[in-house]
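In what follows, chains carry the letters A, B, and so on, assigned in the order in which the sequence lines appear, proteins first and then strands, with residues in each chain numbered from 1. Being a predicted model, the structure only gives us computed values, none of them experimental.
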Number of protein chains: 2
Amino acid sequence: MAVSVEMTGGRAVGEAMCPHRLIMEHVTSRWGVLVLIELLDRPYRFSELRRAIGQVRQVSEKMLAQTLQTLERDGLVHRDAKPVIPPRVDYSLTDLGREAAEQVRGLALWATDRMGRVLEAREEYDAAKARAGTAGAL
Amino acid sequence: MAVSVEMTGGRAVGEAMCPHRLIMEHVTSRWGVLVLIELLDRPYRFSELRRAIGQVRQVSEKMLAQTLQTLERDGLVHRDAKPVIPPRVDYSLTDLGREAAEQVRGLALWATDRMGRVLEAREEYDAAKARAGTAGAL
DNA sequence: CGGAATCCTAGCTGATACTG
DNA sequence: CAGTATCAGCTAGGATTCCG
């Protein structure tokens with residue numbers, strides 16, 4: 001079988017970096033963030049989770065599976081596979097995962113809250129850039 | 001000049017996704033995290049910052065510049081370029097950036113704190129995987 | 001339905017060399 | 001020192017396909 005999914009780990013895994021950085025990468029990865037936040041709400045089935053996340057931005061089955069595996073391996077997500085036909089797998093947060101998710105949610109809430117100011121800052125920055133660009137060059 | 005650095009934005013920028021996701025990507029990016037945390041401590045000069053981060057994991061000048069620009073554009077980092085020879089540029093957090101950095105630091109602290117448990121979980125997971133693999137296949 | 005394996009592309013990322 | 005430009009590698013991520 002050899003899963004060998006690494007998720008932001010291909011290069012990182014072999015590196016001489018603090019292990020906690022690795023955890024960060026997993027937790028703050030594009031899909032890790034969304035998965036954690038969704039699961040903070042309640043347990044989800046695979047496709048259900050995919051649809052829930054899809055409301056924000058579509059995620060491929062591959063990336064969702066990969067993300068879930070990484071988070072499960074880190075002990076943040078619990079995978080409950082029921083041996084039924086058709087297959088049914090429920091994902092939920094572990095206690096550890098809940099802690100992580102809270103942190104991530106804090107960050108997400110901050111981002112949502114400050115979005116306006118960031119957007120303003122961007123416009124200001126771009127405007128200043130444009131001025132500097134047209135003034136000096138061309 | 002056309003800098004056109006996007007940092008996790010090439011694909012994301014044009015997407016139909018919530019803007020706050022964009023901020024998240026910037027803040028939680030590989031180098032964004034480290035920059036914010038370092039700057040939370042005190043202002044840094046470019047190379048100084050590079051060395052400080054390098055203690056953890058080497059960052060190229062390009063990526064550091066790119067990261068700083070992105071964060072500056074988002075209004076999280078303040079760039080103070082002194083018109084002297086040799087050039088001297090100081091980077092510091094804005095109020096907004098400090099808020100972000102606090103959040104990120106919280107996450108980092110959590111990761112550091114729970115590292116042991118995550119590592120345990122990983123070994124357990126890998127061991128279980130190995131058993132399942134050798135039992136069924138081959 | 002829940003995944004795994006494969007193939008493919010975009011773009012992040014880094015090393016190097018150059019400018020002010 | 002503080003970047004920028006260019007080139008090249010590698011990987012994340014997506015689409016597709018097949019299996020249990």
Asks: Out of C:dG3, D:dA2, D:dG13, which has the shortest distance to the side chain of B:Arg79?
Replies: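 Comparing C:dG3, D:dA2, D:dG13 against the side chain of B:Arg79, the answer is D:dA2.
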Asks: Is the shortest side-chain heavy-atom distance between B:Phe46 and B:Leu64 below 4.5 Å?
Replies: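 Contact flag for B:Phe46/B:Leu64 side chains = yes.
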Asks: Please figure out whether A:Val59 or A:Pro87 has its closest DNA chain D nucleotide nearer the 5' end.
Replies: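 So the residue in question is A:Val59.
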Asks: Using only side-chain N and O atoms of A:Ser47, determine if any of them is under 4.0 Å from OP1 or OP2 of C:dG2.
Replies: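 A:Ser47 to C:dG2 OP1/OP2: side-chain N or O found under 4.0 Å.
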Asks: Over how many whole Å does the gap from A:Gln69 atom CD to D:dA12 atom C1' extend?
Replies: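 For the pair A:Gln69 CD and D:dA12 C1', the rounded distance is 15 Å.
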Asks: Could you tell me the separation between the CH2 atom of B:Trp31 and the P atom of C:dT13, rounded to a whole number of Å?
Replies: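 Rounding to the nearest Å, CH2 of B:Trp31 and P of C:dT13 are 8 Å apart.
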Asks: Without decimals, in angstroms, what is the distance between B:Glu61 CD and C:dT19 P?
Replies: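 Nearest whole value for this atom pair: 15 Å.
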Asks: Using the closest heavy atom to pick a nucleotide of DNA chain D for each, name whichever of B:Glu48 or A:Gln58 lands nearer the 5' end.
Replies: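 In this pair, the answer is B:Glu48.
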Asks: What nucleotide, of C:dT13, D:dA2, C:dA4, holds the atom closest to the side chain of B:Val89?
Replies: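 Closest nucleotide among those given: D:dA2.
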Asks: Counting just side-chain N and O atoms, does A:Arg45 come under 4.0 Å of either OP1 or OP2 of C:dC1?
Replies: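 Checking C:dC1 against A:Arg45, no side-chain N or O comes under 4.0 Å of OP1 or OP2.
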Asks: Measure the distance from NZ on A:Lys62 to P on C:dT9 and round it to the nearest whole Å.
Replies: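 A:Lys62 atom NZ is separated from C:dT9 atom P by 14 Å.
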Asks: Sequence neighbours excluded, which residues qualify as side chain to side chain contact (heavy atoms under 4.5 Å, CB included) partners of B:Ser60?
Replies: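 Side chain to side chain contact (heavy atoms under 4.5 Å, CB included) list for B:Ser60, sorted by chain: B:Lys62, B:Met63.
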Asks: Are A:Tyr125 and B:Leu76 connected, step by step, through hydrophobic side chains (Ile, Leu, Val, Met, Phe, Trp, Tyr) whose heavy atoms are closer than 4.5 Å?
Replies: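 In one cluster with A:Tyr125: B:Leu76, no.
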Asks: Looking at C:dT13, I'd like to know if its phosphate oxygens (OP1 or OP2) sit under 4.0 Å from a side-chain N or O belonging to B:Ser60.
Replies: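 False: B:Ser60 side-chain N/O out of range (4.0 Å or more) of C:dT13 OP1/OP2.
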Asks: Please list, chain by chain and in numerical order, all residues satisfying side chain to side chain donor-acceptor pair (under 3.5 Å) with A:Glu38, sequence neighbours excluded.
Replies: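 A:Tyr44.
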Asks: Rounding to an integer number of Å, can you tell me how far A:Tyr44 OH sits from C:dC1 P?
Replies: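 From A:Tyr44 OH to C:dC1 P: 17 Å.
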Asks: Do any side-chain nitrogens or oxygens of A:Tyr91 fall under 4.0 Å of OP1 or OP2 in C:dG3?
Replies: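 Yes, such a contact exists.
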Asks: Does B:Glu25 reach the side chain of B:Val27, with side-chain heavy atoms less than 4.5 Å apart?
Replies: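 Of all side-chain heavy-atom pairs linking B:Val27 with B:Glu25, none is under 4.5 Å.
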Asks: Tell me every residue that passes side chain to side chain donor-acceptor pair (under 3.5 Å) with A:Asp126, counting only those two or more places apart in sequence or in another chain.
Replies: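 Testing A:Asp126 for side chain to side chain donor-acceptor pair (under 3.5 Å), a comparison that skips the adjacent residues, returns B:Arg73.
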Asks: Checking contacts here: which listed nucleotide (D:dT17, C:dC1, C:dG14) is nearest the side-chain heavy atoms of B:Met63?
Replies: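 The answer is C:dG14.
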Asks: So for the helix from C:dC1-D:dG20 to C:dG20-D:dC1, with five pairs setting each end axis, what is the inter-axis angle to 10°?
Replies: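 Roughly 40°, once rounded to the nearest ten degrees.
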Asks: Figure out the CD/P separation between A:Glu72 and C:dG2, and round it to whole Å.
Replies: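 Rounding to the nearest Å, CD of A:Glu72 and P of C:dG2 are 15 Å apart.
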Asks: To the nearest angstrom, how far is A:His26 atom NE2 from D:dA12 atom C1'?
Replies: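 Taking atom C1' of D:dA12 as the reference, NE2 of A:His26 is at 13 Å.
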Asks: Which pairs of donor and acceptor atoms, one on a side chain in residues 98-107 of chain B, lie under 3.5 Å apart (sequence neighbours left out)?
Replies:
{"residue": "B:Glu99", "atom": "OE1", "partner": "A:Trp110", "partner atom": "NE1", "Å": "2.8"}
{"residue": "B:Glu99", "atom": "OE1", "partner": "A:Arg114", "partner atom": "NE", "Å": "2.7"}
{"residue": "B:Glu99", "atom": "OE1", "partner": "A:Arg114", "partner atom": "NH2", "Å": "3.3"}
{"residue": "B:Glu99", "atom": "OE2", "partner": "A:Arg114", "partner atom": "NH2", "Å": "3.1"}
{"residue": "B:Glu102", "atom": "OE1", "partner": "B:Arg105", "partner atom": "NH2", "Å": "2.7"}

Asks: Would you please confirm or rule out a distance under 4.0 Å between OP1 or OP2 of C:dC12 and any side-chain N or O of B:Arg30?
Replies: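 The answer is no; no side-chain N or O of B:Arg30 sits under 4.0 Å from OP1 or OP2.
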Asks: Which whole-number value in Å describes the distance from A:Gln66 CD to C:dT6 P?
Replies: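 Going from A:Gln66 (CD) to C:dT6 (P), I get 14 Å.
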Asks: Could you give the side-chain donor-acceptor pairs of residues 115-122 of chain B under 3.5 Å, partners two or more places apart or in another chain?
Replies:
{"residue": "B:Arg122", "atom": "NE", "partner": "A:Asp74", "partner atom": "OD1", "Å": "2.5"}
{"residue": "B:Arg122", "atom": "NH2", "partner": "A:Asp74", "partner atom": "OD1", "Å": "3.2"}

